[in-house]
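The chains referred to below are lettered A, B, ... by the order of the sequence lines, with proteins before strands, and numbering in each begins at 1.
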Amino acid sequence: MANNGVRGKAGGGFPYWWEVVLVGILAVEFVLLWLYFPRMLRPKIFLGVTINFMEMGIIALAMAFVIISRNIDISVASTIALVSVVLAALSRYGAPLWLCILAGLAAGALAGAFNGLLVTKMRIPALVVTLATMSLYRGAAHVATGDQTYSKYPPAFAFIGRGAVLDVPVPLLVFAALFAVSWFVLHRTTFGRKSFAIGNNQTAALYSGIKVDRVLIAIFTLTGLYSAVAGVIMTSRNNSTRGNMAQGLELDVITAVVLGGVSMDGGKGNLVGVALAVFIIGIIRNGMYALNLSAELMKIIIGCLLILSLLLPRLSAKIWRK
Amino acid sequence: MPANSAAARRPPLLDPGAYRTLGLFIFLVVCLTAVSVSNPHFLDINNLKTMSSDAAILMLAAAGQLLVMLAGNIDISTSSIIAVSGFSSALLMRDHPETPLACVALLVIAIGLVLGLVNGVVIAYFDVPAIIVTLGTLSIYRGLNFLISKGGWVVSRDLPPKYTEMANGEWFGHPALTNMLAVALATALLTHLFLARTRHGRRLYAIGSDKANARLIGINVPGYVFFTYAVCGMLNGLAGGMWCSRYNFAQSSTGLGYEMTIIASCVIGGASVTGGRGSTVGMILGAIMLSVIIHAMNILQVSPFWKMFIQGAIILAAVILDSCMARKNRA
């Protein structure tokens, strides 16, 4: 990551055939599932299991944009709590369901836009901004809920998190739809190209006429919005709002994006890889639940996975150079 | 710069850093006065002891964070390092009460060092973003602490009386002048001397200001980055030992979320998160100020749920202020 202006691709990112490796890892996981938990491979059960990690997957799609543009957003899990509190507050005052959800999505987008404005207009590094708003949003959620849990949502609300259309859970459908949209935007539109350009070299992007600030604000707002979608789904799935909900989810999200082959140096990544990594991590998590591992042990394993996937491209680059 | 501009003719009385220090100092005095007017017991000996102890532990941890931040990195795994070292020291004391305190101190420093080294190797020698690595180790070390503690705790009943002396031992018979305060002040003094009086300290500033140029003039950048994480780990290990010894109690969730307080005290004290700027004096004032604010919130019976929100708001306010000042200076 030498700051020598023109950054070569050497040393950054996974090799281009990384998706093949990811498919391989996924295949190994399925074989392990087949050996140890064959029940989980029944289509209906497997589809049902996916709802446990779709929130992570949805945010990972937006986080890919953020990391590709060489930023970071660690406030996503706190945004979920904030959105859920907005849902709870409106639902408590008897607002109709569609209004609650709309307000929740708007709150998430606003939270993301606030991050984006501070990053671009105030020139504060994204890391600091989102580190601060991580506390700020989570703190606001805690202040609003105290140590209470709100769970008096109307029964119809449960459809979003726990409903299914033809045995396909709604969260998986939402993920698939958002994946299709995000993939198209990232890989087939100028907005996507601009995101890559900013991540490769922000100054060069600026001088070539890209409105860097606008693109970055859009990316952060998008991340807030996707976090809000995840927040609505999570609230509906658990039928509850708590101040500490989704705590630590940013670790899983960032792990999925990095494992998915998006380079932390910016400007490199593929949404297909991210989606594969989401399933890899989701299946690992579910396998760990099935093995009854403690939540703490899972934290260690996911953390190690993150650091390994950070180290792998560096190591492989060092080996290639020799 | 044009020769006739106001700034050129009349140099500022103090450099910007000194203004900030002065501002913090005034804010601190105003804060103390305001709270003690609304609650006359605020400056009681018990409250003073609480605040001095809070500030001491915060200073210890923030001194390490300051070094890391000066070189342009960040360490958010510190609260987990505090938990692991603190719990280990309590376990050692519970199972082997005859161990001398010096050995306990060495143990916590060694544990901190090992955990800091892991961060350091990955960040310095593989050139991976510090925030992501330490986000990972924040989880890993916290999980490690749950494994050590099995989710339980060590209470004062199981601990020998001398354990709590490590942090709470009094100097000159004054309850607010504790061992941990002495250790923290000594550490702060050493940090200040290191940063302001040695070439190694200057080099940290150079690395934080411009990593590529620092490398070009022959500074061993990875070596120094590695060093800052090692020191940060050691100081946080020590802070963890002091933490558990202070309360005479260790649990699996010690210091959860404390990394934000540590970073906040550096940022309030003027440390730039992009590196190259910051001072020990500022860090000390930041640590004292946060300890006073947090304690004042307890005294004024503000709900503890506000704490996280206010910490986030303080960090944000500090960096926004910095950004505005930087823009003004550039204009």
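For the residue pair S77(B)/T134(B), the side-chain donor-acceptor check at 3.5 Å is not satisfied. For the residue pair S151(A)/T149(A), the side-chain donor-acceptor check at 3.5 Å is not satisfied.
Looking at I76(B), the atoms closer than 4.5 Å to chain A (heavy atoms on both sides) all sit in the side chain, from C-beta outward. For a residue to count as touching a neighbouring chain, one of its non-hydrogen atoms must lie under 4.5 Å from one of that chain's; by this rule I74(A) touches chain B with the side chain only. Only the side chain of L118(A) comes within less than 4.5 Å of a heavy atom in chain B; its backbone stays farther off. Proximity to chain A (any heavy atom under 4.5 Å) is shown, for I314(B), by neither the backbone nor the side chain. For I74(B), the part sitting under 4.5 Å from any heavy atom of chain A is the side chain, from C-beta outward, and nothing else. With a 4.5 Å cut-off on non-hydrogen atoms, L147(B) touches chain A through its side chain but not through its backbone. Residue I72(A) touches chain B through its side chain alone, counting heavy-atom pairs closer than 4.5 Å.
Taking chain B as the reference chain and counting heavy-atom pairs below 4.5 Å, the highest number among V143(A), L306(A), T145(A) is found for V143(A).
Side-chain rings of Y258(B) and W243(B) approach one another, their centers coming within less than 6.0 Å.
Taking both residues in full, the closest heavy atoms of G233(B) and I81(B) are given as O-CG2, 4.0 Å, listed atom of the first, atom of the second, then distance.
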